[in-house]
Amino acid sequence: MIEKTYQPAEIEPRISAAWERVQAFRAGRPERRAATPYCIVIPPPNITGSLHLGHALDNTLQDVLCRFERMRGKDVLWQVGTDHAGIATQMVVERQLMERQEPSRREMGREKFLERVWAWKAESGGTIINQLKRLGASCDWSRERFTMGERGAPDEQMVRAVLKAFVELYKAGLIYKDKRLVNWDPKLLTAISDLEVQQVECRGSFKWSSESGEPLDAVALGKVLDRDPNGHLYYFRYPLEGKAFDPSNPSTFITVATTRPETMLGDVAVAVHPDDERYKPLVGKNVILPLVGRKIPIIADEYSDPEKGTGAVKITPAHDFNDFEVGKRHSLPQVIVITTEARITTVPIFAAYEHYKIKPDDDPVKPNATFSSAPDATLKSLDGSDRFVARKKIVALLEECGFIDKIEPTVHMVPHGDRSGVVIEPYLTDQWYVDAKTLAAPALAAVNDGRTTFVPRSWEKTYFEWMENIQPWCISRQLWWGHQIPAWYGKEEDIFVELSEADAIAAAEKKYNKKVVVASSIFGSDVVGNVQAVLEAKSAGYEVIARDEDVLDTWFSSALWPFSTLGWPDETPELKRYYPTSVLVTGFDIIFFWVARMMMMGLHFMKEVPFHTVYIHALVRDERGAKMSKSKGNVVDPLGIIDDYGADALRFTLALMAAQGRDIRLSPARVEGERNFATKLWNACRFAEMNACAGVAGFNPKSAKEVLNRWIAHETARTARDVTAALEAYRFNDAAGAVRAFVWNVYCDWYLELAKPVLTGPDGAAKSETRAMVAWARDEILKLLHPFMPFLTEELWAVTAGASARAGLLTLTPWPAYAGLDDPAAEAEIGWVVDLVSAIRSIRAEMNIAPATQLPLVLAGVSAQTKARAERWMEFIGRLARVGDISFAQRAPDGAVQLLVRGEVAALPLKGVIDLAAERARLEKEMAKAMADIQRVDAKLANPDFVKRAPEEIIDGEREKREEAEGRRQKIVEALGRLGAMS
RNA sequence: GGGCGCGUAGCUCAGCGGGAGAGCACCUCCUUGACAUGGAGGGGGUCACAGGUUCGAUCCCUGUCGCGCCCACCA
């Protein structure tokens with residue numbers, strides 16, 4: 001018995017359990033050994049995450065594909081797992097420590113801290129997996145993987161995969177260590193990659209005049225602005241060496257512009273364009289860096305853009321990416337004046353001054369005469385102050401001495417860390433890099449020659465654009481949570497990159513030809529003890545090596561996901577069977593982060609693309625189109641939606657909205673509508689049950705005799721074809737829309753309604769055939785809908801089994817595929833009934849005829865075929881259109897409303913009921929429409945070019961249209977004539 | 001600065017060379033034994049604007065206006 005009401009909250013957990021009980025989603029089920037493999041690797045959610053709508057969409061689409069292909073008989077592996085999410089996880093645990101007022105990460109030390117993170121993972125890391133289960137994801141849960149493997153497992157494969165990838169890339173020269181500027185996050189105290197930097201627009205604080213309301217130019221203010229440190233352009237006057245600086249005399253200085261005043265402490269040159277006539281005479285001369293006293297040269301470099309600023313640009317190699325390059329070209333020193341914590345340090349300035357100090361007898365032209373005077377002693381007071389505080393102070397100091405020309409508010413992009421939100425500092429450090437350029441070449445080729453295709457295709461351009469301009473990928477992170485880099489440092493510049501500590505020792509011993517021991521971290525809690533140990537070891541004749549403290553970027557392990565999860569580096573049967581995977585489903589926001597890197601690593605290590613298709617879907621936004629974010633508080637919680645309307649309704653809504661496009665705006669009202677759809681189907685199944693429509697074993701829809709039944713078989717087959725084709729083309733919205741329209745507007749609205757007279761009528765062949773067909777079509781619906789609404793359909797599949805034994809779970813039932821069910825004749829006949837009933841209903845509503853009133857119907861001058869159809873469907877039409885009696889006549893009776901149904905007249909004699917004027921108006925309106933149609937077609941046909949150039953079938957179509965419209969017109973003329981005869 | 005995308009019914013969005021569609025909202029009617037989480041009917045759009053290509057343009061091309069996103073060395 002089907003319950004009276006559809007209650008998803010009661011059904012869904014029960015069905016979930018049923019699937020788990022038989023391990024329905026396990027890959028490699030014995031009966032599918034010979035089947036074609038189909039594999040999707042899940043974009044591993046962060047262990048810190050909880051299911052948001054983006055996940056819901058992404059996983060719904062993957063699940064639709066997996067369930068579809070599983071029903072099509074493939075051996076499906078949906079590989080599930082989670083990502084350790086280095087920075088995010090470390091932040092979560094650190095925050096927790098702070099909230100609980102426990103010792104900080106540094107206080108407790110690396111080992112203890114990592115233990116805490118693992119403990120946290122054990123406690124909370126499974127949340128997202130359970131949420132995926134609630135969504136109905138049909139992953140192979142037995143194969144769940146974690147990017148850092150299982151804690152403490154010996155010889156853990158997921159760890160081995162990362163080590164092997166790193167070591168092999170290193171030995172192939174594709175990973176290297178380099179000292180260059182990195183994006184440094186001064187809050188998290190780690191380097192981050194280009195992709196983790198968000199450019200944020202910063203605009204200066206324009207001051208507004210209180211009188212006029214007009215913006216006041218900051219120049220006019222002539223004051224140091226005291227607000228937003230990020231949105232101003234500062235023009236500095238750098239005095240020329242050998243001239244008496246006079247702010248009112250431009251020949252005594254050169255003006256440079258900057259948005260980062262505090263970096264001037266580290267300036268080592270001023271660059272101008274070699275062809276810039278304005279500055280040509282100054283090239284080779286020196287300026288005296290204000291406050292610092294350093295003599296810095298004016299150099300010619302093409303980097304300088306005459307159009308920008310003043311055309312002269314200050315060069316700070318240690319704190320700007322471009323300046324770094326300029327500095328290398330001109331062998332300029334790198335003066336670091338900002339610390340890892342983004343605080344000012346003048347120590348290097350004073351140290352340099354001490355080093356190069358001018359002695360009274362020095363020749364001022366000597367190259368080492370770097371300073372013309374001692375640095376301003378007040379600079380020392382800046383030490384340790386925040387960069388933005390220092391900015392204000394430096395500007396104030398410069399202004400005092402006339403070195404500021406002007407300050408303008410400006411709008412520019414400032415890099416921020418995407419996790420920390422603070423302004424990124426370019427910082428000079430040693431970091432590990434992947435030679436992405438080399439790895440990108442095969443990845444580019446693979447998409448170019450179609451071994452991997454993007455859907456929609458247009459994303460390939462984005463992919464190419466980025467891959468062609470790819471930069472070295474900084475993979476080292478100054479964090480603790482992650483894969484520690486397998487590099488051990490020995491004497492001087494020696495680095496041993498090996499799979500294990502033992503291998504590193506062996507390599508070092510070979511090189512040094514003496515015993516080698518590994519020092520534990522000298523940055524660890526017991527610094528003194530460690531240093532002591534190192535010294536003792538050395539004096540005892542050992543060489544000491546120490547492992548790199550840093551860990552790898554999370555995306556490094558994610559890049560290996562399509563093969564590491566299948567067992568690589570071991571040659572497992574799974575790896576052989578499921579790689580390359582079939583399709584990757586993800587949002588466009590991680591094409592660079594993840595898709596591109598999987599392509600590179602997959603091709604490098606497996607020599608084959610990781611997936612044949614990349615399906616890129618939209619981003620889910622809120623009702624107003626804003627990106628959902630916790631800080632904005634506009635996050636729609638999918639779990640709340642599931643509580644309210646069920647996972648099926650949410651999934652179905654997402655699938656319906658998954659059309660190509662940039663974003664999906666989801667409103668709960670829409671989900672409610674789809675929950676109503678589920679209810680509709682539920683009730684249709686109840687109806688079938690109440691009418692004893694049970695599946696009949698061996699029932700063949702092709703053998704149906706009844707037109708109505710042949711018609712629904714025809715419609716079912718067409719729907720199945722449409723849904724299948726749409727899914728094959730990743731048109732999820734079309735697929736879901738096709739089932740929805742079929743269930744609601746065909747099966748429920750017409751088939752069941754038309755079947756009622758049979759089902760409630762006398763027993764007989766027609767009735768039993770109809771019962772069987774109602775059940776058959778319902779079963780086909782459950783199959784077609786299952787990928788979208790798995791819980792509801794599985795439940796209905798079970799409860800409608802009745803006496804007919806189901807072979808098993810719906811989720812493992814073959815997908816509908818039939819031949820020979822098409823029946824145009826049945827389609828034409830039922831189509832006529834539908835049109836007739838609709839036309840009568842429309843008139844009844846328009847004329848406000850009480851629902852209880854039975855109307856007689858006269859079919860005037862109709863064909864023998866129509867007459868036969870009318871006789872066959874008399875009872876049905878009577879019931880659906882409230883027609884009491886159907887008769888036939890040569891012409892419509894006087895005073896009747898005359899309807900055109902498929903070119904023939906159906907008359908409703910309503911003498912005394914109808915308002916003659918209103919009926920005339922109605923007919924005239926229809927007449928106008930017919931005339932307009934005729935005219936439009938005539939205009940086309942009258943055009944010789946159209947007849948000459950348009951394809952034949954189009955012209956024939958137009959002629960048919962004209963004929964049809966002309967027929968309509970004639971009938972209306974006749975009808976109007978009869979109406980006229982009455983009055 | 002480079003690139004991508006969008007502007008279609010009140011709202012959210014499909015469609016994308018040959019007669020304008022859906023869901024929601026709105027209006028009217030209906031508690032007839034599957035379903036009021038429902039049924040029946042209905043109103044509502046010079047498909048942003050201007051040119052062009054074409055026999056024919058909401059759809060293709062160019063430009064304009066408006067909006068959004070991504071990338072880029074922040075003078």
Side-chain angles (χ1 to χ4, degrees), chain A residues 2 4-6 194 199 202 230 233-236 256-260 271 303-305 307-315 320-325 410 412-415 423 426 458-459 461-462 465-466 469 588-589 591-592 619 623 625 627 645 653 656-657 659-667 669-670 672-691 733-734 737 740-741 748-749 752-753 756 760 838 841-846 848-852 879-880 882 932-933 936-937 940 943-951 953-955 957-958 961 965:
Chain A
I2 303 179
K4 181 143 177 29
T5 52
Y6 163 56
D194 303 347
Q199 300 293 338
C202 288
N230 293 330
L233 195 51
Y234 301 80
Y235 289 81
F236 292 167
V256 295
T258 182
T259 55
R260 299 214 48 198
Y303 160 65
S304 177
D305 182 348
E307 304 290 315
K308 283 190 194 165
T310 60
V313 60
K314 64 193 236 10
I315 301 296
D320 181 284
F321 286 98
N322 297 308
D323 295 3
F324 179 75
E325 297 301 323
T410 188
H412 65 149
M413 304 299 277
V414 177
V423 175
S458 55
W459 288 109
K461 185 160 185 171
T462 306
E465 196 65 34
W466 189 70
N469 298 300
F588 59 81
D589 52 333
I591 291 179
F592 305 146
L619 251 39
E623 287 166 85
K627 200 167 173 176
Y645 304 112
T653 307
L656 279 165
M657 298 178 89
Q660 289 181 18
R662 289 263 165 160
D663 41 61
I664 292 177
R665 300 189 191 192
L666 189 83
S667 72
R670 182 73 201 249
E672 186 180 350
E674 302 319 320
R675 189 276 318 269
N676 294 352
F677 168 70
T679 304
K680 184 76 183 176
L681 176 64
W682 184 267
N683 283 306
C685 290
R686 282 183 63 221
F687 171 80
E689 184 183 62
M690 286 171 188
N691 286 283
N733 58 321
D734 287 343
R740 189 186 197 279
C748 291
D749 288 353
L752 293 184
E753 291 303 327
K756 276 176 184 174
T760 57
S838 299
R841 279 172 172 173
S842 179
I843 282 299
R844 295 185 63 116
E846 240 174 82
N848 278 321
I849 294 165
R879 186 179 172 127
L880 295 180
R882 305 245 136 204
D933 286 348
R936 191 172 35 74
V937 176
K940 276 192 180 183
N943 182 342
D945 284 330
F946 173 71
V947 184
K948 203 158 51 188
R949 302 188 190 218
E953 63 269 24
I954 295 294
I955 297 170
E958 291 296 321
K961 272 185 228 164

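Order of the sequence lines sets the chain letters (A, B, ...), proteins ahead of strands, with each chain counted from 1. Worth knowing before you read on, the calculation uses all heavy atoms, side chains too, and leaves out hydrogens, waters and symmetry mates.
When the salt bridge (charged side-chain N to carboxylate O under 4.0 Å, His left out) test is applied to A/Glu958, the partners found at least two apart in sequence or on another chain are A/Lys940, A/Lys961. The salt bridge (charged side-chain N to carboxylate O under 4.0 Å, His left out) search around A/Lys4 returns none, not counting sequence neighbours. Looking at residues two or more places apart in sequence or on another chain, you find a side-chain hydrogen bond (donor to acceptor under 3.5 Å, both in side chains) between A/Arg740 and A/Glu674. With sequence neighbours excluded, no residue satisfies side-chain hydrogen bond (donor to acceptor under 3.5 Å, both in side chains) with A/Asn691. Scored by the side-chain hydrogen bond (donor to acceptor under 3.5 Å, both in side chains) test, A/Asn683 finds A/Arg686 as partners (sequence neighbours excluded). Checked against side-chain hydrogen bond (donor to acceptor under 3.5 Å, both in side chains), A/Asp305 has no partners two or more places apart in sequence or in another chain. Residues forming a salt bridge (charged side-chain N to carboxylate O under 4.0 Å, His left out) with A/Arg936 (at least two apart in sequence, or on another chain): A/Asp933.
Stem regions for RNA chain B, each three or more consecutive Watson-Crick or G-U pairs with both distances under 3.5 Å and listed by first number, read B:1-7 with B:65-71, B:10-13 with B:21-24, B:26-30 with B:38-42, B:48-52 with B:60-64.
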Can you tabulate the close N/O pairs, meaning under 3.5 Å, that link protein atoms to atoms of nucleotides 51-58 of chain B?
from	atom 1	to	atom 2	distance (Å)
B/C55	OP1	A/Arg949	NE	2.9
B/C55	OP1	A/Arg949	NH1	2.2
B/C55	O2'	A/Asn943	ND2	2.6

Protein-nucleotides 23-26 of chain B N/O pairs under 3.5 Å:
none

Distances under 3.5 Å only, N/O to N/O: pair up the protein atoms with those of nucleotides 45-47 of chain B.
none

Would you be so kind as to tabulate the donor-acceptor pairs closer than 3.5 Å made by side chains of residues 675-682 of chain A, with sequence neighbours excluded?
from	atom 1	to	atom 2	distance (Å)
A/Thr679	OG1	A/Arg675	O	3.1
A/Trp682	NE1	A/Glu3	O	2.9

